[in-house]
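Start at 1 and go down the list; that is how both ligands and their atoms are numbered. All of these numbers come straight from a predicted model, not from anything done at the bench.
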Amino acid sequence: MATDIQELLEDSVLVQCRVNGAHVEEEIHPATSLLDFLREQLRLTGTHMGCMTGHCGACTVMIDGQITKSCITLAASVQRKKITTVEGLRNEDDSLHPVQQAFCEESGFQCGYCSPGMLLSTLELLRENPNPSDAEIRKALSGNLCRCTGYQSIVRAVRVASKLYSVDKDSVS
Ligand code: FES
């Protein structure tokens, strides 16, 4: 039995999905996390590694439009799904996405380590609730920890983002 499991884990799995709009087809070890797949195999290092236990939100990505902690998600589970990382968060003309623009305008970052996760959580919030209150903003970002504790400017940035962002004009898939 132990040998069967070991043999199973030694087999590779073919993952086919879309990452930031591009088709991806890669062989992976079945125990590979989505975070490692993105960072190590696809070299998309904008998704950050923090706690590795699903608590800090540094590794947040979107799967089919829903934010997900990639450190506790198996890459093998994203077959035929659409993954969006911070690298995919831009307008079609490569200019800053309105959410990024708002964070720049309001200095919604200090060291920037939490920023990729904050940006994706903000995008999900604004798609569901275009005009959130401060309490709703804080609740939506509660899964993303800022180790510099720069929360005031982050909440301000989300408020500005809600003015700049329009779901109808969003090109991020
Ligand atoms: Fe995934 Fe912290 S690294 S939640």
If you round to 10 degrees, what value do you get for the angle at atom 1 (Fe) of ligand 1 between Cys59 atom SG and Cys71 atom SG? 100°

Taking only non-hydrogen atoms of Met52 and a 4.0 Å limit, the atoms of ligand 1 in range are 2 (Fe), 3 (S)

Per-atom contacts of ligand 1 with Cys56, taking only distances under 4.0 Å to non-hydrogen atoms: 2 (Fe), 3 (S), 4 (S)

Is the shortest side-chain heavy-atom distance between Pro132 and Leu126 below 4.5 Å? yes

Is any side-chain heavy atom of Val172 closer than 4.5 Å to a side-chain heavy atom of Thr84? yes

Side chain to side chain, Thr53 and Ile72, heavy atoms closer than 4.5 Å: no

With a cut-off of 4.0 Å, which atoms of ligand 1 are near a heavy atom of Gly54? 4 (S)

Going by the atom numbers of ligand 1, which of them fall below 4.0 Å from some non-hydrogen atom of Lys69? 4 (S)

Check whether any side-chain heavy atom of Thr60 sits under 4.5 Å from a side-chain heavy atom of Thr68, and report yes or no. no

Can you list the ligand 1 atoms lying under 4.0 Å from a non-hydrogen atom of Gly50? 3 (S)

Does some side-chain heavy atom of His29 sit less than 4.5 Å from a side-chain heavy atom of Phe37? no

